[in-house]
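Notes for the one structure printed next.
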Amino acid sequence: MKAEEIIHGEATLIVPTYVRPPMVFARGEGCYLFDTDGKSYLDMAAGIAVMALGHSDPAWAAAVAAQAAELTHLSNLYHSRPHVELAARLVAHSFADRVFFCNSGTEANEAAIKFARKWARSEGEEGRTGILAFEGSFHGRTVGALSATAKERYREPFGPLMPGVVFAPYNDLAAAAEALTPEVCAVLVEPIQGEGGVRTAEVGFLQGLRRLCDERNALLIMDEVQCGLGRTGTLWAHEAYGVTPDMMSVAKPLAGGLPIGATLVTERVARVMEPGDHGSTFAAGPLVCRAALVVVERVDRPEFLAAVQAAGAHLRARLEGLRSERLVEVRGAGLLLGVEFREAVKPLIAAAAEEGVLLINAGENVLRLCPPLIVTQAQVDRAVDVIGECLERLGW
Ligand code: PLP
């Protein structure tokens, strides 16, 4: 199939929920993608903060090929080793005592919501089913996770959604204290709001949420689907806050590009769940878990995380050096950075793609940079040089 045929096929055969730029990718290597004409693109989006080790990492590809030749899928009816090895690794390097595996970030949040409700019930509080979430949040597209996602454009066509979700302004602890009523069993928060425009939680906000949850016997759930697993320069984003949650959802980078989600929980939560309470056919298969082990073993090393911090600091410094009257601010942490402009960044993204640099947005006006965690300083320099040239070309 030629590139035009593929683009035409998508337009006519696929349910039209996405808008895509006019290139077709055929191959990836490290921080580069190659289209069907062989043109190379420096990938500063990493499949939306997924490809932590870059594309086609040789050790990852070898492990996946070996596991595929050995055992791919079993269902959760049977035991297998990679599942337990992955859980052991995650538990050893987090606050959690146990893990529930699923297939996406949305599902990881969906599980967290169900676990919180069952936990509240086990505390003898039947009517306590509410969730406190925040303005600007994104937790997924299934009905439960969507109910905790603030964006009206995503919610409005699909109502009525799950009742009991209340929203407070992000980083407003007083408003959260007011919204955390006796009907609320859990607080669901992103340490950095990714889709909501790369907005970073203030230290006092997350610490205050922890305190409020302790005082009112509610669970604190952190959604680290986008910001977790090394992206901010620590293994988990919440480490920088000196706060631990009761549950944490992880997904995007975990299996190096294969679909996976994980809800990490403390024993206090895990003990309320029984066989049959929740499940998934595909979750935690040997193939995806073996792939995830490669990622976690690589990322969870001091020298890897130090390199993310260094690359993130360099990227931030370079972005802060951009001169544009339309640039409002640079924000975020590590290699999850946002550059807010006074207007929609779509033309900037299109101009950079022409120059061979892939960028994405986070909301209308925010350029989001979330490259593979292996990005080099030279690649960062190239990306920011191209952004600077495009700003000039657009007259921004
Ligand atoms: N939570 C956060 C913070 C996210 O950024 C996303 C996706 O962007 C999700 C949940 C949903 O994850 P998925 O698309 O894997 O279902």
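When a ligand or atom number is given, it counts from 1 through the structure's own listing order.
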Check your understanding: Taking the six-membered ring where the residue is Trp, are the ring centres of Phe205 and Phe134 under 6.0 Å apart?
Key -> yes
Check your understanding: What about the rings of His83 and Phe101, do their centers lie closer together than 6.0 Å?
Key -> yes
Practice item. Please write down residue, atom name and distance for the protein heavy atom closest to atom 15 (O) of ligand 1. Key: Gly105 N, 2.9 Å
Exercise for review: Write out the residue and atom name of the closest protein heavy atom to atom 5 (O) of ligand 1, then the distance separating them to 0.1 Å.
Suggested key: Gln226 NE2, 2.8 Å
Contact atoms of ligand 1, heavy-atom distance to [X] under 4.0 Å:
| X | answer |
| --- | --- |
| Thr106 | 11 (C), 12 (O), 13 (P), 16 (O) |
| His139 | 1 (N), 10 (C) |
| Asp223 | 1 (N), 2 (C), 3 (C), 10 (C) |
| Ser104 | 15 (O), 16 (O) |

N or O pair under 3.5 Å between [X] and ligand 1:
| X | value |
| --- | --- |
| Phe138 | yes |
| Val225 | no |
| Glu107 | no |

Donor-acceptor pair, distance only, cut-off 3.5 Å: does the side chain of [X] make one with the backbone of [Y]?
| X | Y | value |
| --- | --- | --- |
| Asp277 | Glu274 | yes |
| Ser249 | Val225 | no |
| Thr149 | Ala145 | yes |

Review point. Are Lys118 and Phe115 in a cation-pi setup, meaning NZ or CZ lies under 6.0 angstrom from the ring centre and within 45 degrees of the ring axis?
Key: no
Point to revise | Six-ring centre of Tyr170, Arg199 cation under 6.0 angstrom, axis tolerance 45° | key: no
**Study point:** Gly144 versus Ile113, closest heavy-atom pair with distance
**Key:** O-CD1, 3.7 Å
With heavy atoms under 4.0 Å as the rule, classify the contact between [X] and ligand 1 as side chain, backbone, both or neither.
| X | result |
| --- | --- |
| Glu190 | side chain |
| Asn109 | side chain |
| Lys252 | side chain |
| Glu195 | side chain |

Review point. Tell me, do Arg316 and His314 make a side-chain contact under 4.5 Å, heavy atoms counted?
Key: no
